[in-house]
Structures are given as structure tokens and as C-alpha cells.
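Comments concern the structure below.
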Amino acid sequence: MYDTPNLENKVVTNETKISARGCQVYYGDTHAIKDVDVDIEDKTVTAFIGPSGCGKSTFLRCLNRMNDTIDVCRVEGDITLDGEDIYDPKVDPVQLRAKVGMVFQKPNPFPKSIYDNIAYGPRIHGLAKNKADLDDIVEKSLRRGAIWDEVKDRLDAPGTGLSGGQQQRLCIARAVATEPEVLLMDEPCSALDPIATAQVEELIDELRQDYSVVIVTHSMQQAARVSQKTAFFHLGNLVEYGETGQIFTNPQDPRTESYITGRIG
Amino acid sequence: MPSLWLVLIVLALAVAGYVIGRRKALGSAGGDSRALHSLPSYYGSNVAIMTIVPAFFIMGVWLLVQPLYIDNQISKTLPEEAIAESSTRGLVMSDVRRVAEGLDIAVAEGAMTREYASNIRSEFTDVRERLGQVGVALGSEVDHFVLRAAQQYRSLANTGQLLMTLVVLGAATAGFAVSVLRTNAEFRARNVVETAIRYLLVFAATVAILTTIGIVLSLVFNTIEFFRLYPARDFFFGTTWSPSFGGGSELGVVPLLWGTFYISLIALAVAVPIGLFAAVYLSEYANSHVRSVAKPLLEVLAGIPTIVYGLFALLTVGPLLMKVFGDEGIGVMQAGTAVMTAGLVMGIMLIPFVSSLSDDIINAVPQAMRDGSLGLGATQSETVKQVVLPAALPGIVGAILLAASRAIGETMIVVLGAGAAARLSLNPFDAMTTVTAKVVSQLTGDADFASPEALVAFALGMTLFVITLGLNVLALYIVRKYREQYE
């Protein structure tokens with residue numbers, strides 16, 4: 001049913017990057033996330049799995065305060081990044097989002113040239129001293145996004161003209177360009193074909209060298225392939241969280257076992 | 001039989017046809033509607049359509065053709081000497097029609113019997129006086145040629161009417177009978193109704209297009225007529241506008257175009273920033289509460305009649321500007337009616353156009369764009385400026401050009417707010433006037449439609465039409481260009 005979990009994924013205990021304690025999220029009267037505690041490690045790919053509507057995307061969006069843009073959404077509890085409470089009134093969500101980048105389910109390149117898509121973040125945050133510097137950042141980000149060779153001759157072409165897989169890698173490169181510390185990916189491959197998915201997965205594995213990556217996915221095979229840690233969400237609860245190999249071969253909770261063997265969800 | 005009764009009879013036949021067709025279809029399927037090809041109501045509609053459409057089509061064509069045909073026939077019988085007295089055949093024919101109409105009214109009111117109306121002779125009866133008694137005023141004495149022609153006209157019209165009634169009723173009955181006979185369980189009534197609906201829609205679209213073409217043609221012919229009487233060079237390049245119906249007018253369009261352009265420019269300078277910013281606030285910043293109150297309020301502005309805006313310009317804005325810029329203030333403004341007054345008020349009028357359209361367009365920008373930008377750490381205004389507005393730009397340009405077309409075509413605010421003086425001036429506090437306001441003033445009152453002073457209105461209308469057409473083409477071009485770039 002799913003690929004054999006990559007048990008040889010070397011599990012090195014890294015320091016904790018993001019830590020949530022007693023996190024609750026409400027949409028109006030709906031209690032979407034119930035009392036979630038989780039520690040997300042640096043330089044690790046963490047996968048959130050679970051059936052639709054279980055709250056994994058909602059929780060992901062809490063981590064860079066994207067839920068702030070939704071009027072009725074309310075977040076309680078503590079979420080810290082490097083020990084700092086990100087919901088502290090002193091924290092500017094705009095700066096937080098520069099540190100915690102996000103890639104969305106559907107590729108969403110801006111209606112601008114490929115170059116301007118990548119340069120968008122660096123320009124906003126003033127990361128480049130001059131044009132040459134910006135050119136460097138764009139090239140480096142596109143290389144990190146594993147798309148440089150495909151687009152280097154047409155940086156002025158619109159980003160929306162690329163294929164779906166290229167667009168998604170462009171969006172990843174765009175997120176990387178602001179030099180984030182954490183990358184959040186909300187089902188980044190659900191709109192892509194298997195080949196593009198393989199490319200993006202390979203890229204995710206490379207990104208692990210420098211970033212803490214959190215990925216929401218519906219595909220358990222994908223979670224098994226790319227992640228070192230896996231969290232299983234069900235009905236707004238974090239049911240089980242542990243090393244990917246252990247979750248897929250020896251789940252502790254009966255609900256996790258039912259889900260990964262295809263009996264619920 | 002009057003046409004109204006004919007229409008009612010055909011409609012009644014159609015209603016009966018609907019009921020009968022429906023019942024016959026059901027009957028042919030043994031009362032089980034599942035055995036029918038189409039729903040029972042389609043069979044009814046089929047009969048009704050077959051009854052109405054051919055009958056009304058024939059009636060419409062007949063009503064269009066009959067007067068032309070009769071005119072033609074009567075006109076042929078008019079002897080030359082009848083025309084020599086009054087200047088043209090057309091004028092005599094209009095007299096004939098008027099007398100015929102008068103006789104009809106006299107008969108309808110019982111002032112004359114039908115036979116009397118067909119037999120009176122102008123040699124023995126003062127027809128003008130007799131018709132005057134029933135309220136039909138004639139310009140001159142009715143000579144016997146005209147009276148004879150009018151009587152012929154009436155008899156031809158009566159025959160025509162009778163024939164039409166017979167033919168239309170025949171067509172309705174035939175359609176009714178054929179379609180009822182064809183009705184059975186296998187008949188594909190749904191497809192017939194579908195076709196009928198398609199032709200109805202085609203017809204509506206054709207009417208709209210043909211009307212536009214008709215308007216343009218009437219403008220074109222009158223404009224050509226004008227240029228025969230007045231040199232085109234003087235019209236397009238003349239810098240003086242001083243029409244006088246006594247002759248010796250100077251009809252240069254330049255001052256009018258300048259006034260139109262200047263007032264529209266000020267109006268857009270007011271409306272575009274305010275409207276656009278209001279749209280951005282409403283769609284990006286306001287919560288749903290504010291939005292649900294503020295958007296309808298803003299759109300109320302669009303429902304105010306322009307004459308009310310004109311009054312506002314005349315009574316409120318003009319005096320207010322006078323206080324600041326008039327003799328008591330800076331002293332650059334002579335009177336309350338000025339380009340600035342009309343421009344400001346027109347700008348207020350245009351705000352809801354710009355904001356409402358832009359708001360819809362901004363809302364159509366996918367949320368994913370905003371998420372992407374916010375997710376990269378952009379602030380809300382950075383997102384709006386760099387992602388949302390560029391994505392919405394083609395639509396916004398379209399909205400602005402639409403507002404510009406409105407501004408150019410606006411009349412009442414100009415008449416009341418800008419004064420009536422056609423002049424070339426750069427001072428926005430001078431009174432000026434626009435093309436539309438002058439079209440009104442050239443055609444109101446007792447204008448002789450053959451003089452260049454009246455015909456110039458058509459040339460002005462044509463100029464406006466070409467300008468707004470150009471704006472629309474430009475808008476389409478811009479929209480298309482950006483769309484190619486973005487999608």
C-alpha cells in the first residue's frame with residue numbers, strides 16, 4: 001500500500017525549532033485544534049498527516065500566523081520559535097513570516113516575471129544591496145529550488161507561463177529567497193503529477209540541510225518518503241507524534257494504525 | 001378589426017393550444033408522462049409557439065410593408081399639378097396622410113358616417129373646418145387632389161387591414177392545427193422549444209446590434225448633410241463657436257472639445273484616486289460589517305439623477321468655490337459656474353462607477369495571490385500595491401475608461417455647473433461648455449432642421465461617438481495586452 005518507510009533515515013536529535021504547548025484554534029464557534037503539544041526540530045522534515053478536515057493545515061498556518069488574515073479565527077496557547085512566543089504582541093507577524101516561509105497547495109506565482117517573483121521577498125525586506133546582489137540572490141534561490149537550469153534563459157518570462165511542477169518549484173525558490181529558518185508546505189504536491197512530485201520531494205530532502213521543513217500531506221507514501229518525524233492529526237487532536245519509521249511500522253495509538261492501514265480517513 | 005384584437009385572439013389561440021397540446025401528448029402516452037419523449041409542458045409550448053410565431057412574424061412584416069406600399073401607390077396617382085403648388089411630393093404625401101388620419105378620427109367619433117367620409121368633395125364641403133371640429137388641425141386648406149388621395153389612402157389601408165387580419169388568423173390556425181396533429185408520444189417537442197429559445201435569443205441580440213447600426217447611420221447621414229453646408233475644415237479646426245440662426249455662424253468644434261476634455265480630466269482626477277482607494281479599502285481592509293454597510297451607501301451615489309448633481313453644483317459647490325477663489329478670496333474666479341465646479345461634481349458622480357467596478361475586479365483576484373505575498377512577509381499595503389493591483393490592472397483600466405466615457409457624455413451637470421460660454425482657456429475657474437451641452441442648445445427651440453446651425457448637432461454627436469468608440473477600443477486593447485502577459 002505504501003512504500004516501505006525509509007528506516008535508514010538517520011535520526012539525529014536536533015535542537016527544537018518550534019514548540020507548541022496547549023494550542024487551541026477556534027473558527028467562530030468551531031473548535032478546530034484541541035490542545036496540541038508538539039516540538040518541531042531544526043534541520044528535519046516533519047510531516048503532518050491525517051484525514052481531511054482534521055486541522056493539520058490550520059495548525060500549520062498557526063506557525064507563521066497566516067490565520068491572522070482570517071477574521072473569525074482565534075488562536076490560544078503558546079507557540080514559540082527559538083524560545084520566543086510568536087503570538088506575543090511585540091512580535092510583528094510580517095517579520096515572523098519572513099523567517100517562517102510558506103508554500104501553498106496550489107502553485108501561486110505572482111503575475112510577474114520569473115525574476116520578479118523571486119526578487120519579491122528580497123526587495124520587500126531589503127536583502128539586496130544592489131542589482132548585482134539581487135541577481136545573485138535570484139540565481140541562488142532558483143538553484144536551491146532546482147529550477148535554475150530550466151528557466152535561466154527566460155527570467156523575464158511570466159512565472160504563470162511555467163508548467164505546474166515548475167511553478168511549484170518557483171514558489172519554493174521564492175520562499176527560500178527570503179532566507180527563512182523554517183519552511184511550511186501545505187500539501188505542496190497535491191496539484192502536481194508524479195514526475196513533478198518526485199522533483200519536489202527530492203528538493204524537500206535537500207532543503208533539510210539548511211531548514212526545518214514542515215509538510216502537510218494527504219499521501220502517506222509521501223510522508224514516509226520525505227519526513228523524519230510524523231505527526232498524526234485526527235478531529236483536531238494530535239493523536240501521535242514520533243519518528244516516521246516508528247509511526248508507520250509500530251504505531252502506538254489504534255487510531256493511527258487504522259489510518260495508515262486505510263481503515264479510517 | 002384593430003390590431004390589438006388580432007393580437008389578443010392569436011394569444012388566446014396560443015393558450016388554448018398549450019392546453020390542448022399538453023393534453024393530447026399525455027393522452028397519446030396513455031396518461032403516463034414517462035412514456036413521452038419530452039415533458040408534457042414542452043408539447044403545450046410547442047403548439048403555442050407554432051401558433052404565435054408565424055402569425056406575429058407575418059403581422060410584423062405586414063405592418064412595416066403596408067404603409068410603404070400604400071404611400072408608393074398613392075404617390076404614383078398624384079398628378080403633377082398637385083405637387084407644383086406645395087414644394088415637394090413628400091410634403092403633399094404627409095398632408096394626405098394627415099387628412100386620412102383626420103377622416104379616420106372623424107368616423108371613429110361619429111362626426112361623419114363611413115360613406116360620407118369616402119364621398120365628400122372639397123368643392124362642396126370645408127373639410128378643414130369639419131376636421132378641426134374633431135380636433136385634427138390642418139395647416140392649410142384641403143384641395144381636391146389631396147382629399148381624393150386621402151380617400152384612396154383610407155380605402156387601400158382598410159383593404160390591407162382586412163387582408164392582414166385574414167392572413168394572420170389563417171397562419172395562426174394553420175400553425176395550431178399542424179402542431180396539434182404532429183403531437184404524439186415520439187414527437188421531439190423539447191428540441192423544438194430549444195430551437196425556438198435559441199432564435200429568440202438571436203433575435204434579441206440582432207435587435208440590439210441593428211439599433212446601434214441604425215443610430216450610427218442616422219448620425220452619419222445628417223453629418224454628411226452638415227458638411228455639405230459647412231466646410232469640414234472650419235468645423236474641426238475652427239477655434240470659435242458662435243452659432244447664429246440668422247447666418248454667418250462660426251462652428252468650430254475645438255473650444256467644445258477642449259471644454260469636454262478639461263472637465264472630464266478634472267472629474268477623473270477626483271474620481272479615480274478616491275474611487276480606487278475606496279475600492280481597495282472595501283475589498284482588502286474592511287471587515288464584512290463595514291463592507292455590508294459602506295458598499296451600498298457608496299452605490300447610492302450612482303443612483304442620484306444627474307440633474308440633482310447639477311443643482312448641487314449650481315447651488316452648493318459653485319458658491320463655495322466662489323468664496324475661496326472668487327473676488328473675496330484669491331480672485332481668479334468670475335462666477336460660480338466654471339470648469340472646476342462641474343468637474344468636481346462630475347467626479348463625485350463617477351466615484352461609485354470606479355469604486356464599484358474596481359471592487360468587483362479586486363475581489364476577483366485569487367486569494368492565493370494574497371496568501372503568497374503575505375506568506376513571504378509582505379505587509380498588507382505592499383501586497384495590494386505589488387500583487388493585487390497589478391493583477392487587477394486590466395479591469396481597473398477598463399473601469400476608468402468606462403468612467404471617462406460617462407464623463408464625456410455627461411450633460412446636465414455641465415449645463416448647470418459649467419456655464420454656456422464656449423471658450424479656449426487654461427484657467428479651470430473660467431466658465432466653459434462641452435460638446436453635449438451644445439448639442440442640447442442647438443436642437444432645443446424652433447430649429448430649422450435644414451440649417452447648418454441645427455445639423456451641427458449631428459456632427460457634434462458623431463464626434464463624441466467616435467471619441468468614446470476610440471476610448472472603448474483602447475480599453476479593450478489594454479485589457480487584452482495585459483491579459484496575454486499575465487495568463
Side-chain angles (χ1 to χ4, degrees), chain A residues 60-61 63-72 92-113 116-127 141 156-161 167 170-180 183-186 191, chain B residues 276 280-295 358-399 477-487:
Chain A
L60 189 77
R61 290 167 66 94
L63 302 182
N64 69 344
R65 293 186 62 174
M66 276 302 274
N67 284 333
D68 290 15
T69 59
I70 300 169
D71 282 343
V72 293
D92 181 1
V94 168
Q95 277 178 339
L96 172 74
R97 288 180 201 142
K99 266 199 279 185
V100 184
M102 188 156 192
V103 176
F104 296 84
Q105 184 170 359
K106 226 179 125 239
N108 58 349
F110 300 133
K112 299 173 184 291
S113 70
D116 287 336
N117 260 287
I118 303 295
Y120 186 84
R123 277 183 183 141
I124 280 177
H125 299 295
L127 298 182
S141 309
D156 291 331
T160 43
Q167 287 190 8
L170 178 69
C171 291
I172 293 173
R174 185 175 72 184
V176 169
T178 54
E179 292 172 23
L183 256 186
L184 307 178
M185 299 187 168
D186 190 354
Chain B
L276 198 54
V280 168
Y281 171 73
L282 283 180
S283 57
E284 298 292 317
Y285 289 82
N287 61 33
S288 53
H289 273 299
V290 176
R291 204 177 141 78
S292 66
V293 176
K295 205 175 175 203
S358 309
D359 183 53
D360 292 344
I361 292 152
I362 289 172
N363 273 326
V365 174
Q367 183 62 31
M369 292 292 140
R370 298 183 184 90
D371 283 349
S373 174
L374 293 173
L376 286 170
T379 62
Q380 212 161 6
S381 74
E382 283 166 343
T383 303
V384 167
K385 195 178 82 190
Q386 304 204 24
V387 175
V388 176
L389 286 185
L393 192 65
I396 290 172
V397 170
Y477 170 76
I478 290 174
V479 167
R480 206 163 287 162
K481 187 178 163 216
Y482 278 88
R483 189 173 286 159
E484 274 170 10
Q485 198 176 327
Y486 284 153
E487 278 172 16

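Quick note on labels: first sequence line is chain A, next is B, and so on, each numbered from 1.
- With a 4.5 Å cut-off on side-chain heavy atoms, B:D371 and A:Q105 do not count as touching.
- Considering NE2 of A:H125 and CD of B:E382, their distance stands at 7.5 Å, rounded to 0.5 Å.
- Using a 4.5 Å cut-off between heavy atoms, A:P109 contacts chain B through its backbone alone, with no side-chain atom that close.
- Taking all atoms of both residues into account, the shortest heavy-atom contact from B:Q386 to A:K112 is O-NZ, 2.6 Å.
- Counted within 6.0 Å of NZ on A:K106, heavy atoms from surrounding residues, nucleotides or ligands total 12 or fewer; the atom is thus considered open.
- Here CG of B:L374 is found 13.0 Å from CZ of A:R65. Values are rounded to the nearest 0.5 Å.
- Separating the CZ atom in A:F110 from the OG1 atom in B:T383 is a distance of 7.5 Å, to the nearest 0.5 Å.
- Using a 4.5 Å cut-off between heavy atoms, A:V103 does not touch chain B at all.
- You'll find the side chain of B:L376 stays beyond 4.5 Å of the side chain of A:I124, heavy atoms only.
- Applying the side chain to side chain contact (heavy atoms under 4.5 Å, CB included) rule to B:Y285 yields the partners B:V280, B:Y281, B:Q380, B:S381, B:V384; only residues at least two apart in sequence or on another chain are considered.
- When all heavy atoms are compared, the tightest approach of B:S373 to A:Y120 is OG-OH, 2.6 Å.
- If you take CG on A:N108 and CD on B:Q367, they are separated by 10.5 Å, rounding to the nearest 0.5 Å.
- Residues meeting the salt bridge (charged side-chain N to carboxylate O under 4.0 Å, His left out) test with A:D71, sequence neighbours left out: none.
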